[in-house]
Amino acid sequence: MGLLTFSTLPSHIKQYLIITGNYWAFTLTDGALRMLVVLYFHQLGYSPFNIAMLFLFYEIFGVVTNLVGGWLGARLGLNNTMNIGLCLQIVALAMLAVPADMLTIMYVMVAQALSGIAKDLNKMSAKSAIKMLVPSDAQGKLYQWVAILTGSKNALKGLGFFLGGILLTLFEFRGAVLLMAALLACVWVMSLLSLKADLGKAKNKPKFIDIFSKSPAINLLSAARMFLFGARDVWFVVALPVFLAVTFEWDHWWVGGFMASWVIGYGIVQSFAPYVTGKKHGKVPTGRAAFVWAGYLLLIPAAIALALHFNFYIHVTLIAGLMLFGAVFAINSSLHSYLIVSYAGHDGVSLDVGFYYMANAMGRLIGTVLSGLVYQIYGLETCLWISSGFIALATLISFKLPYTL
């Protein structure tokens with residue numbers, strides 16, 4: 001009955017579901033791998049800064065991939081870029097399934113570089129494809145579909161964090177990455193057989209120089225996105241899980257479970273963001289909404305930093321602050337995800353989306369490096385103050401975004 005129901009769906013709905021399923025499967029392995037790497041190498045005695053360095057190539061190649069990947073998507077089709085991303089993630093996982101003495105910092109960085117390329121090819125393809133599947137006069141539906149895709153992805157990434165902690169406990173590092181590689185290979189084969197060949201391919205083949213956006217709105221939104229995600233990752237990627245393991249003395253299950261719960265809740269809020277920001281009243285957000293919600297976010301990491309400084313109920317304050325930060329950050333992220341798809345041109349949409357996610361990857365790169373370095377030298381409190389500064393910059397940039405679409 002399920003197959004029959006799927007077969008009777010309109011073609012664009014089928015493609016949306018296939019793309020979303022691919023994105024979900026990839027994201028689950030990506031979240032699990034990140035938690036596996038953080039916890040396993042912390043267990044081996046790596047310093048927070050060295051753990052951050054393991055993700056350096058992941059983030060650097062994410063920047064390059066988003067920039068070039070949008071151009072490739074416009075020339076080759078989004079089905080091809082999505083399937084290439086799935087394949088590269090399988091290779092990256094297989095590379096890590098080697099004896100522990102081979103897992104040097106440089107070797108893991110190279111494997112993570114492949115994973116970073118894979119992740120951003122997959123994400124760029126999924127977000128760009130939605131633009132092709134929704135009529136240009138259906139902005140409310142576009143916002144809703146983007147929010148569902150983005151929110152469900154982050155909920156599954158959170159589940160991946162939890163899965164990473166469980167797999168490390170049950171199967172150890174090598175067994176965990178082999179299992180994930182095998183499961184993702186099955187998804188890849190199904191994707192090769194089911195995605196449309198011409199999805200997102202530009203009518204006019206773009207030149208390589210076209211990878212740089214010429215739209216002021218997209219440039220502003222990209223800059224705001226860079227600081228927004230730098231603000232999250234400067235304390236979330238390395239500093240927070242290590243702080244929870246060292247200061248709160250939580251084990252792998254607790255750290256993985258808490259990080260998972262946070263990201264799952266974050267994803268759920270993202271999915272419902274359209275109803276929070278006005279869709280239920282028939283409105284779609286503009287640049288003004290991005291400015292206002294960035295302002296709401298600004299005070300939260302500063303308040304947590306003050307609580308840490310004055311030793312004010314640290315356990316309660318940190319956890320409650322994280323929940324509030326996650327909810328408000330989710331609204332900001334969902335707004336940005338809708339605005340970039342809305343601002344992007346229809347022909348060769350992946351060019352604009354790729355440029356935007358290049359800025360997103362740059363923010364993650366900056367945040368990841370600072371998360372390990374600043375935490376190791378100054379601690380979590382300083383990471384939070386840097387987060388507030390980045391959000392302040394994102395807020396100022398968002399003020400210049402168009403107030404009409």
Inset, instruction - Show your reasoning for whether ring pair (Phe, Tyr, Trp, His ring centres under 6.0 Å) applies to Phe248 and Phe258. - result: CA-CA 12 Å; Phe248 287 4; Phe258 178 77; 8.5 Å; no

Inset, instruction - Take Phe390 and Ile366, measure what side-chain contact (heavy atoms from CB on, under 4.5 Å) needs, and give me the verdict at the end. - result: CA-CA 11 Å; Phe390 280 1; Ile366 295 168; 4.1 Å; yes

Inset, instruction - Step by step, work out the side-chain contact (heavy atoms from CB on, under 4.5 Å) result for Gln270 and Ser333. - result: CA-CA 7 Å; Gln270 275 188 313; Ser333 178; 2.9 Å; yes

Legend entry - Chi angles and distances behind the side-chain contact (heavy atoms from CB on, under 4.5 Å) call for Ser337, Tyr357: CA-CA 10 Å; Ser337 294; Tyr357 279 109; 3.7 Å; yes

Legend entry - Criterion ring pair (Phe, Tyr, Trp, His ring centres under 6.0 Å) on Trp262 and Tyr266, from CA distance to verdict: CA-CA 6 Å; Trp262 189 89; Tyr266 163 81; 5.4 Å; yes

Inset, instruction - Decide yes or no on side-chain contact (heavy atoms from CB on, under 4.5 Å) for Thr395 and Phe399, but give the supporting numbers first. - result: CA-CA 6 Å; Thr395 305; Phe399 182 72; over 6 Å; no

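Rounding to the nearest 0.5 angstrom, the gap separating the OH atom in Tyr343 from the NE2 atom in His336 is 9.0 Å. The distance from atom CD1 of Ile51 to atom CZ of Phe41, rounded to the nearest 0.5 Å, is 9.0 Å. Separating the OH atom in Tyr40 from the CG atom in Leu54 is a distance of 12.0 Å, to the nearest 0.5 Å. Taken from OG1 in Thr382 to CH2 in Trp235, the straight-line distance is 14.0 Å, to the nearest 0.5 Å. With rounding to the nearest 0.5 angstrom, the CG atom of Leu114 is 10.0 Å from the SG atom of Cys87. Put simply, CG on Leu240 and OG1 on Thr247 are 10.0 Å apart, with the number rounded to the nearest 0.5 Å.
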Donor-acceptor contacts under 3.5 Å from residues 155-168 side chains, at least two apart:
none

Residues 313-325, side-chain donor-acceptor partners within the protein, below 3.5 Å, at least two apart:
from: Thr317; atom 1: OG1; to: Phe312; atom 2: O; distance (Å): 2.8
from: Thr317; atom 1: OG1; to: Tyr313; atom 2: O; distance (Å): 2.9

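Listed by first then second residue, pairs satisfying salt bridge (Lys or Arg N to Asp or Glu O under 4.0 Å) with a partner in residues 215-227 number zero, not counting sequence neighbours. Sorted by first and then second residue, the salt bridge (Lys or Arg N to Asp or Glu O under 4.0 Å) pairs with a member in residues 161-179 form an empty list; sequence neighbours excluded. The salt bridge (Lys or Arg N to Asp or Glu O under 4.0 Å) pairs that include a residue from residues 326-344 number zero, where partners must be two or more places apart or lie in different chains. Each side chain to side chain donor-acceptor pair (under 3.5 Å) pair with one or both residues in residues 185-194, not counting sequence neighbours, appears once here: Asn22-Ser191, Asn83-Ser191. Judged as a salt bridge (Lys or Arg N to Asp or Glu O under 4.0 Å), not a single pair has a partner in residues 295-307 (not counting sequence neighbours).
Formation of a donor-acceptor pair under 3.5 Å by the Thr65 side chain with backbone atoms of Asp120 is not found in this model. Although no hydrogens or angles enter the test, the distance criterion places no donor-acceptor pair under 3.5 Å between the side chain of Ser334 and the main chain of Ala330. A distance-only check finds a donor-acceptor pair linking the side chain of Asn332 to the backbone of Val328 [under 3.5 Å]. No donor-acceptor pair closer than 3.5 Å links the side chain of Ser342 to the backbone N or O of Tyr338.
Residues meeting the side-chain hydrogen bond (donor to acceptor under 3.5 Å, both in side chains) test with Thr29, sequence neighbours left out: Gln89. Scored by the side-chain hydrogen bond (donor to acceptor under 3.5 Å, both in side chains) test, Asn122 finds no partners at all (sequence neighbours excluded). Taking the salt bridge (charged side-chain N to carboxylate O under 4.0 Å, His left out) definition, one finds that Arg232 meets it with nothing, sequence neighbours left out. For Tyr58, the side-chain hydrogen bond (donor to acceptor under 3.5 Å, both in side chains) test picks out Asp30, Lys119, with sequence neighbours left out. A search for side-chain hydrogen bond (donor to acceptor under 3.5 Å, both in side chains) contacts involving Thr27 returns nothing, not counting sequence neighbours.
Nearest heavy atom pair, residue Leu33 against residue Ser115, reads CD2-OG, 3.9 Å. Of all non-hydrogen atoms in Ser387 and Val234, the two that sit nearest each other are CB-CG1, 3.7 Å. Across every non-hydrogen atom of Leu88 and Ala118, the tightest pair is CB-CB, 3.8 Å. Between Leu96 and Ala111, the shortest heavy-atom contact is CD2-CB, 3.7 Å. The two residues Ala239 and Leu380 have their closest heavy-atom pair at CB-CD1, 3.9 Å. Pro48 and Val242 get closest at one heavy-atom pair: CG-CG1, 4.2 Å.
Between Thr104 and Met109, the closest side-chain pair of non-hydrogen atoms is not below 4.5 Å. For the pair Ser222 and Met358, the minimum side-chain heavy-atom distance is 4.5 Å or more. Leu370 has its side chain out of reach of Cys383: every pair of non-hydrogen atoms, C-beta onward, lies at least 4.5 Å apart. Within the 4.5 Å cutoff, side-chain heavy atoms of Val108 are placed close to those of Gln112. Residues Ile60 and Phe55 have side chains not in contact (no heavy-atom distance under 4.5 Å, counting atoms from C-beta outward). Counting heavy atoms from C-beta on, the side chains of Leu297 and Leu228 come closer than 4.5 Å.
Counting heavy-atom neighbours within 6.0 Å of Met362 CE, excluding the residue itself, gives a total of 12 or less. The local environment of CH2 in Trp24 is sparse, with at most 12 non-hydrogen atoms from other residues, nucleotides or ligands closer than 6.0 Å. Within 6.0 Å of OH in Tyr107 there are more than 12 heavy atoms belonging to other residues, nucleotides or ligands.
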